[in-house]
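Below is one structure, written out as structure tokens; comments come after it.
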Amino acid sequence: MSLTEKLSVLTGAAFVAEGFTADVGAVRMSDRPDLAQFQCNGAMAAAKQAKKNPRAVAEAVVGHLQQNPIFAKIEIAGPGFINLTLTDNALNEHLGAMATDTRCGIAPLVSGQTMILDYGGPNVAKAMHVGHLRTSIIGEALRRMAGFCGYTAIGDVHMGDWGTQIGMVISEFQIRHPEWVYFDESVTSGYPSEAPFAIADLEEVYPFAAQACKDDEARKELALIATVELQNGRPGYRALWQHIVNVSIASMKANFDSLNVHFDWWKGESSVHDLIAPMVDDLLARGFAVKDDGATVIPVAREDDQKEFPPLMLYKRDGAVMYGTTDLATIVERMQSNPSKIVYIVDQRQSLHFEQVFRAAYKTGIAPDSVELIHAGNGTMNGSDGKPFKTRAGGVLRLEDLIESATQKAAERMKEANLAQDASADELAKTAHMVGVAALKFADLQNQRQSDYIFDLDRMTSFEGKTGPYMLYQAVRIKSLLRKAAAQGALPGDKIVLGDADRPLALLLTELPDVVALAMRHYTPHVLCDYVYRLANAFSSFYGNCHILSEQDQMLRASRLRLCAMVLAQLILVLDLLGIDVPERM
RNA sequence: GUCCCCGUAGCUCAGCUGGAUAGAGCAACGGUUUCCUAAACCGUAGGCCGUGGGUUCAAAUCCCGCCGGGGACGCCA
């Protein structure tokens with residue numbers, strides 16, 4: 001239990017004793033550290049309901065708390081704020097339990113529940129670009145957070161591998177290489193195992209085909225036909241498609257590995273193809289799906305809707321499926337894992353689509369009401385003009401180029417500061433990559449998930465301010481300090497001595513469990529970023545004020561080393577939840 | 001046209017279920033190093049929280065209108 005939770009239990013009981021509900025006893029960190037460590041604002045709300053004087057309610061509640069020896073000070077301020085301050089002993093006891101816990105004192109929130117997270121969503125045949133950055137980074141953080149909070153967390157990359165873009169590529173190959181065996185309809189098996197193209201070819205073909213389809217209706221028609229034929233199982237197309245997928249996945253993995261983003265499932269839209277026909281037949285039979293203007297759809301509008309709700313389309317007029325179809329069938333498939341939540345970390349602009357899919361899933365019983373379907377939408381990364389990020393030439397920036405430029409910038413900064421320059425070239429390069437990725441990820445994650453932000457490479461790679469490199473720097477500093485201390489035989493002690501220099505840092509450490517819970521509840525990693533920054537900053541301040549290794553008082557030195565170790569453990573834990581690795585040195 | 005999101009310091013942004021004096025970072029100005037990574041730390045300055053109403057003991061936060069910005073709206077994903 002977190003410290004504020006413990007206190008809330010005490011205060012809640014006091015409110016209950018006065019005839020109120022326990023929930024008004026909620027205690028939180030004080031907004032006014034000059035007055036107290038904790039506060040409870042419930043007296044005002046309780047008094048309002050009971051039509052009593054809030055100060056009198058506060059006084060009655062405080063009456064129940066006063067005998068408790070854990071409080072050093074209890075005061076009522078203003079209209080009825082209850083201000084609480086703990087004795088150092090009580091604080092110490094709580095810290096002691098946290099210090100020895102590998103989870104930094106954070107109990108799991110749930111057990112026996114599965115959360116499936118859908119993020120990344122790269123398209124095969126298409127180079128990954130900056131548009132995939134946010135979903136990947138945020139999704140990875142949420143997957144790690146969920147796992148830590150006790151969920152069986154399953155990350156699914158959910159590739160775009162079954163839609164029109166594939167038809168564009170296949171038809172383009174057919175135009176360019178009509179002689180390929182994949183296009184000979186008299187051949188239905190025994191295709192080569194080697195792909196007749198490399199990733200670079202795909203990356204050239206896709207944009208070319210997309211542009212051609214945009215410019216020419218007839219050309220687009222070819223792509224649509226190829227899409228339907230692929231989905232209907234034309235052997236040559238399937239074989240070619242498999243090459244496209246294989247070649248693409250290799251490239252995706254390189255990008256994701258570089259970003260330290262991982263998946264448990266490498267599924268895609270195509271994975272559920274075989275589930276689609278039975279699903280649609282069933283929905284037609286049960287009357288949920290209807291024919292409409294040649295297409296097959298599920299109406300999802302409700303009478304009390306404030307806006308127009310287009311139906312979810314299952315089959316287009318030409319018989320091809322759309323992403324709503326695969327998304328719905330994917331829920332059918334995912335239900336086999338018995339999830340309690342399915343979370344989609346996908347661009348916020350697709351919120352209507354997900355509302356449609358979710359409605360369809362609930363309405364048809366594909367997802368029972370007990371399963372939470374959540375679109376945790378993300379914003380976009382914009383250029384300095386406030387529009388979705390483009391290169392100077394106006395093109396889309398490839399993800400690997402973005403990572404490379406962040407890494408290079410990090411290397412430059414490290415050189416400027418003459419940092420870790422004695423390391424081997426190999427270690428230097430590795431560290432630069434870690435710093436660059438930390439910069440990129442922290443800059444992304446510290447923004448609210450659903451809002452857009454402006455990309456600024458110089459700012460995010462700075463070692464000053466609220467940046468990834470700054471967090472790493474503080475953590476590495478502690479590692480170095482603890483190494484030096486150990487070399488002198490000085491080890492972290494069991495007892496924490498709470499002086500005025502130590503107490504604020506110690507108090508901050510107790511916040512982490514609440515912060516993690518809050519971040520998980522709302523799927524908001526930026527709450528963790530905010531905390532880890534406050535912690536790094538508070539440590540740096542502490543470090544500046546207290547010279548630890550030269551401390552003559554053995555007890556105090558051991559205590560401060562313990563605090564440092566606890567800070568480090570939290571920094572590493574939280575950064576890990578964010579998907580950021582900390583180097584040994586930098 | 002309908003619906004959704006946003007508008008907080010010069011810039012980029014926090015602000016959880018309404019609560020005490022609205023907070024950070026960057027930029028600006030001033031200070032700190034015989035000492036553990038100064039890539040640091042400390043301090044100063046800077047805001048009718050877009051605007052007009054309403055609810056409340058209490059509103060950046062909740063409700064309504066308006067202005068400004070962004071986005072979504074059936075056969076792409």
Side-chain angles (χ1 to χ4, degrees), chain A residues 23 26 28 30-32 34-35 39 41 44-45 47-48 54 77-81 83 121 123 160 163-165 168 210 213 220 223-224 227 269 292-295 297 305-313 315-318 320 322-324 326-327 346-353 356 377 379-380 382 386-387 413-414 416-420 446-448 450-454 456 459 462-467 469-470 473-474 476-485 488 514-515 518 521-522 524 526-527 529-530 533-534 537 540-551 564 585-586:
Chain A
D23 60 302
R28 62 181 201 207
S30 178
D31 292 335
R32 295 285 305 271
D34 53 319
L35 298 181
Q39 65 180 329
N41 298 349
M44 273 96 73
K48 184 169 188 171
F81 296 104
N83 286 332
N123 295 314
T164 308
Q165 84 273 18
M168 289 181 187
C213 290
K220 186 179 179 187
L224 292 174
T227 306
E269 295 169 337
D292 184 357
D293 198 15
V297 303
D305 281 337
Q306 295 297 305
K307 61 176 169 181
E308 264 186 84
F309 251 96
L312 184 74
M313 185 156 306
Y315 285 132
K316 299 195 291 181
R317 254 196 302 271
D318 67 7
M322 295 183 63
Y323 74 145
T326 54
D327 276 350
V346 180
D347 196 313
Q348 189 63 32
R349 288 173 295 190
Q350 293 190 32
S351 60
L352 177 60
H353 164 73
Q356 291 175 274
T380 57
N382 292 345
K387 303 215 169 103
R413 296 271 165 127
M414 287 168 66
E416 276 167 28
N418 196 28
L419 189 99
Q446 70 161 306
N447 294 287
Q448 292 204 74
Q450 58 273 39
S451 57
D452 302 337
Y453 72 95
I454 294 174
D456 185 337
R459 196 149 67 91
S462 169
F463 285 71
E464 294 166 24
K466 198 172 175 180
T467 68
Y470 175 82
Y473 173 65
Q474 298 304 341
V476 164
R477 236 175 167 190
I478 302 177
K479 286 189 179 188
S480 168
L481 174 64
L482 292 175
R483 268 197 303 266
K484 281 211 164 90
Q488 295 176 16
D514 294 333
V515 169
L518 181 64
R521 186 156 57 242
H522 300 306
T524 47
H526 85 275
V527 170
C529 291
D530 185 67
Y533 175 70
R534 285 193 292 136
N537 204 32
S540 197
S541 180
F542 170 75
Y543 180 87
N545 286 331
C546 308
H547 198 275
I548 296 163
L549 291 186
S550 64
E551 177 56 54
C564 289
R585 301 191 305 138
M586 62 185 272

[X] near the nucleic acid: base, sugar-phosphate alone, or nothing, with a heavy-atom cut-off under 4.0 Å?
{"X": "A:Phe309", "value": "nothing"}
{"X": "A:Asn83", "value": "base"}
{"X": "A:Arg28", "value": "base"}
{"X": "A:Ser451", "value": "sugar-phosphate"}
{"X": "A:Gly465", "value": "sugar-phosphate"}
{"X": "A:Arg534", "value": "nothing"}
{"X": "A:Asp34", "value": "base"}
{"X": "A:Cys546", "value": "base"}
{"X": "A:Ala45", "value": "base"}
{"X": "A:Leu312", "value": "nothing"}

Take atom [atom1] of [X] and atom [atom2] of [N], then tell me their distance rounded to the nearest Å.
{"X": "A:Lys466", "N": "B:A40", "atom1": "NZ", "atom2": "P", "answer": "16 Å"}
{"X": "A:Asp456", "N": "B:A27", "atom1": "CG", "atom2": "P", "answer": "11 Å"}
{"X": "A:Leu518", "N": "B:U17", "atom1": "CG", "atom2": "P", "answer": "9 Å"}
{"X": "A:Asp452", "N": "B:C4", "atom1": "CG", "atom2": "C1'", "answer": "13 Å"}
{"X": "A:Tyr470", "N": "B:A40", "atom1": "OH", "atom2": "P", "answer": "7 Å"}
{"X": "A:Asn537", "N": "B:C41", "atom1": "CG", "atom2": "C1'", "answer": "9 Å"}
{"X": "A:Glu464", "N": "B:A24", "atom1": "CD", "atom2": "C1'", "answer": "15 Å"}

Out of [options], whichever nucleotide has its closest atom nearest the side chain of [X]:
{"X": "A:Tyr543", "options": "B:C36, B:C57, B:A24", "result": "B:C36"}
{"X": "A:Leu481", "options": "B:C41, B:C36, B:A20", "result": "B:C36"}
{"X": "A:Lys48", "options": "B:C16, B:G18, B:C36", "result": "B:G18"}

Please compare A:Gly78 and A:Gln474 by the position of their nearest nucleotide in RNA chain B and report the one closer to 5'.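 Looking at the nearest nucleotide for each, A:Gly78 comes out on the 5' side.
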Please tabulate the protein-to-nucleotide N/O contacts below 3.5 Å involving nucleotides 64-68 of chain B, giving atom names and distances.
none

Is the A:Tyr470 ring parallel, tilted or perpendicular to the A:Tyr533 ring (thresholds 30°, 60°)?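 Taking A:Tyr533 first and then A:Tyr470, their aromatic rings sit tilted (interplane angle of 30° to 60°).
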With the criterion set at under 5.5 Å between ring centres and under 30 degrees between planes, would B:C36 be stacked on A:His547? yes
So, for A:Thr524 and A:Leu518, which heavy atoms are closest and what is the spacing to 0.1 Å? OG1-O, 4.0 Å
So, for A:Gln39 and A:Phe81, which heavy atoms are closest and what is the spacing to 0.1 Å?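 Reported closest heavy-atom pair: OE1-CD2, 4.2 Å.
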Would you sketch RNA chain B in dot-bracket for me? Only Watson-Crick or G-U wobble pairs with both distances under 3.5 Å count, crossing pairs as [ ], other-strand pairs as |, the rest as dots. (((((((..((((.....[...)))).(((((.......))))).....(((((..]....))))))))))))....
What does nucleotides 71-77 of chain B look like as a protein-contact string, B for base, S for sugar-phosphate only, - for none, at under 4.0 angstrom between heavy atoms? SSSBBSB
Counting only heavy atoms not in A:Gln488 (residues, nucleotides, ligands), do more than 12 fall under 6.0 Å from its CD? yes
N or O in side chain of A:Gln448 less than 4.0 angstrom from B:G15 OP1/OP2: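 For B:G15, OP1 or OP2 has a side-chain N or O of A:Gln448 closer than 4.0 Å.
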Interatomic distance at P, B:A28 relative to B:G65, whole Å: 44 Å
